[in-house]
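Everything quoted here is computed from the prediction, not taken from an experiment.
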Amino acid sequence: MSIGNLKDYGNKGNNFPWQYKMLQGLDALLTAFSSSGTSYLAPQSRTTQIARVSNAGNYIGMYSISIANVGSANGTVKGVTLKPGETVSFDAGALNNTLDAIDYVATGTEFLIIQVV
């Protein structure tokens, strides 16, 4: 039995009242967002960057970042060992979320870093 199930037509379930209320709610949200002058749901253009690094540093405020250890020695990302050939990715999700600081140490190896800013 579904939420808002209404019994009719020979005891067959009808979910129309609940579905209609949900559609009305979604329509009200869309109207509120579009009439406020700020379109939170509009596509946003982002810039991608790529870098090869062999030092220590950090990235702050990225929308997403991928770090691959393409060198021959271990490195660290956020204090965790990244072995040669391994890759880690972080994604902040949608609607303008950003990541916290991503610290890395690539001293003695090489990291290939791709980010969306």
Side-chain angles (χ1 to χ4, degrees):
M1 180 178 283
S2 298
I3 296 173
N5 207 7
L6 182 67
K7 296 292 182 184
D8 61 2
Y9 301 113
N11 214 15
K12 294 180 183 174
N14 176 357
N15 212 15
F16 177 75
W18 181 79
Q19 291 173 347
Y20 184 63
K21 287 292 184 191
M22 293 298 107
L23 290 173
Q24 286 178 321
L26 290 172
D27 185 51
L29 283 171
L30 186 57
T31 300
F33 279 128
S34 61
S35 66
S36 69
T38 303
S39 180
Y40 297 100
L41 304 177
Q44 302 293 319
S45 178
R46 302 285 182 230
T47 302
T48 56
Q49 297 177 350
I50 187 168
R52 289 186 179 272
V53 298
S54 55
N55 58 2
N58 66 36
Y59 288 95
I60 300 173
M62 302 294 109
Y63 293 102
S64 69
I65 187 168
S66 293
I67 302 172
N69 186 346
V70 295
S72 59
N74 291 346
T76 60
V77 175
K78 293 189 74 111
V80 177
T81 300
L82 188 65
K83 296 180 180 181
E86 292 182 334
T87 301
V88 294
S89 297
F90 302 93
D91 183 36
L95 297 178
N96 297 325
N97 296 335
T98 57
L99 297 167
D100 63 341
I102 308 293
D103 299 318
Y104 66 87
V105 178
T107 305
T109 191
E110 184 179 35
F111 282 178
L112 180 63
I113 301 175
I114 300 172
Q115 59 188 332
V116 178
V117 295

Write down the atom of [X], the atom of [Y], and the distance for their closest heavy-atom approach.
X	Y	answer
Gly108	Ala73	O-CB, 3.5 Å
Ser89	Ser66	OG-OG, 2.8 Å
Gly75	Phe111	CA-CZ, 3.8 Å
Ser64	Leu99	CA-CD1, 4.0 Å

With rounding to the nearest 0.5 Å, note down the distance linking [atom1] in [X] to [atom2] in [Y].
X	Y	atom1	atom2	value
Tyr63	Asn97	OH	CG	9.0 Å
Ile65	Asp91	CD1	CG	11.5 Å
Asn55	Glu110	CG	CD	11.0 Å

Going only through I, L, V, M, F, W and Y residues with side-chain contacts under 4.5 Å, is there a path from Val105 to Phe90?
no
Give a yes or no on whether Ile50 and Val70 share a hydrophobic cluster (residues Ile, Leu, Val, Met, Phe, Trp, Tyr; joining criterion: side-chain heavy atoms under 4.5 Å apart).
yes
Got Pro84 and Asn74 here, is their nearest side-chain heavy-atom distance under 4.5 Å?
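Yes. Closest side-chain heavy atoms under 4.5 Å.
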Side chain to side chain contact (heavy atoms under 4.5 Å, CB included) partner of Ile67, the single match among Leu112, Val88, Thr87:
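Among Leu112, Val88, Thr87, the one that satisfies the side chain to side chain contact (heavy atoms under 4.5 Å, CB included) with Ile67 is Val88.
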Quick check: does any side chain N or O of Asn69 sit under 3.5 Å from a backbone N or O of Leu82, one acting as donor and the other as acceptor?
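Yes, Asn69 side chain to Leu82 backbone: donor-acceptor pair under 3.5 Å.
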After noting the C-alpha distance and the side-chain angles of Thr48 and Ile114, does the key distance pass the side-chain contact (heavy atoms from CB on, under 4.5 Å) rule?
CA-CA 7 Å; Thr48 56; Ile114 300 172; 5.5 Å; no
Could you walk me through whether Val116 and Met62 satisfy the side-chain contact (heavy atoms from CB on, under 4.5 Å) test, starting with their C-alpha distance in whole Å, then the side-chain angles of each, then the deciding distance to 0.1 Å, before giving a yes or no?
CA-CA 6 Å; Val116 178; Met62 302 294 109; over 6 Å; no
Hey, can you tell me if Tyr104 and Tyr59 have their rings parallel, tilted or perpendicular (30° and 60° cut-offs)?
parallel
Under 6.0 Å from the NZ atom of Lys21, do we count more than 12 heavy atoms belonging to anything else shown?
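12 or below, so no.
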